[in-house]
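To start, the structure itself, in structure tokens.
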Amino acid sequence: SSSREVDDDDDDDGEMALEQQLIQNSILQTPPSLTTSTTTNTDLDKLETFIWLALDDLCINTKFTLPQEVSCLMPSHVVSYLNMEKPTHFVSSSSSSSTSSSLYPSVRRQLRLSYLVPALLEKLERFGSGGIRRRRNRDDDDEGMVHRQRQMWLEVPSVQLRLKAVLERLEALNDEMMGEFQ
């Protein structure tokens, strides 16, 4: 009988979980942080709410209107806090419980949001839409840079980490724009 210790990430057979193997082999990666602050382990519902508040600030600062494909992901519980145009329909209820009558669970809504917001920000930054100035650096217009950024978002191992990175990016953009107004 060996006294082998099994890591918490190991399954019953002593094998490392697939996600851990992918992270260890640098196939999945945590996105680089824009700030030096260490974000606490926030749940998905809170992260989603913070993202909608940051999106609202972005829309106010840039006079940009979110496309219906994005705004329909807005959870109904944040509508009263936002100044942006309300969606004509919601894809799911704001409840994350399994007793929800919605056919579109909040986890799926949060997953879509975690991919749609980076794509939206890429378009806004790349084409200078909505008052976001285009970057002046020639490397930022390079297709290789765009591909690397997209790949980075795809390599993030969890919805939670992707939402944290999205929130960080939104906050950085909002802070940058607020600095321009002062």
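Position 1 is the first residue of the sequence, and the numbers go up from there.
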### Query
When you check the side-chain N and O atoms of D43 and Q160, is any donor under 3.5 Å from an acceptor?
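Result is no, nothing qualifies.
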
Output a table of donor-acceptor pairs, distance under 3.5 Å, between side-chain atoms of residues 52-60 and any protein atom two or more places apart or on a different chain; print 'none' if there are none.
{"unit_1": "D56", "atom_1": "OD1", "unit_2": "N83", "atom_2": "N", "d": "3.0"}
{"unit_1": "D56", "atom_1": "OD1", "unit_2": "M84", "atom_2": "N", "d": "2.8"}
{"unit_1": "D56", "atom_1": "OD2", "unit_2": "N83", "atom_2": "N", "d": "3.0"}

Between [atom1] on residue [X] and [atom2] on residue [Y], distance to nearest 0.5 Å:
X	Y	atom1	atom2	value
S106	L113	OG	CG	11.5 Å
R109	L73	CZ	CG	7.5 Å
M152	R162	CE	CZ	10.0 Å
F50	E168	CZ	CD	14.0 Å
Q151	L154	CD	CG	5.5 Å

Can you find a heavy atom in the side chain of [X] that is under 4.5 Å from one in the side chain of [Y]?
X	Y	value
P67	L120	yes
V70	R112	no
L173	L121	yes

### Task
Take L163 and L44, measure what side chain to side chain contact (heavy atoms under 4.5 Å, CB included) needs, and give me the verdict at the end.
CA-CA 8 Å; L163 286 176; L44 289 175; 3.7 Å; yes

### Message
Restricting to side-chain contact (heavy atoms from CB on, under 4.5 Å), what partner residues turn up for T65, sequence neighbours left out?
### Response
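Here the qualifying residues are E85.
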
### Query
Can you name the residues that form a side-chain contact (heavy atoms from CB on, under 4.5 Å) with P87, not counting sequence neighbours?
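By the side-chain contact (heavy atoms from CB on, under 4.5 Å) rule, P87 matches Q68, S71, M74, F90.
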
#### Entry: K46 NZ: over 12 foreign heavy atoms closer than 6.0 Å
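Check fails, neighbour count at 12 or below.
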
### Task
Taking atom OH of Y115 as the centre, report whether more than 12 heavy atoms of other residues, nucleotides or ligands fall under 6.0 Å from it.
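Yes, because the 6.0 Å sphere around OH of Y115 holds more than 12 heavy atoms from other groups.
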
### Task
Kindly indicate, with the supporting measurements, whether the criterion side chain to side chain contact (heavy atoms under 4.5 Å, CB included) is fulfilled by L47 and Q110.
CA-CA 9 Å; L47 280 170; Q110 293 159 348; over 6 Å; no

### Task
Could you pull out the closest heavy-atom pair between S114 and V166, with the gap in Å?
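Looking at all heavy atoms of both residues, the closest pair is O-CG2, 3.9 Å.
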
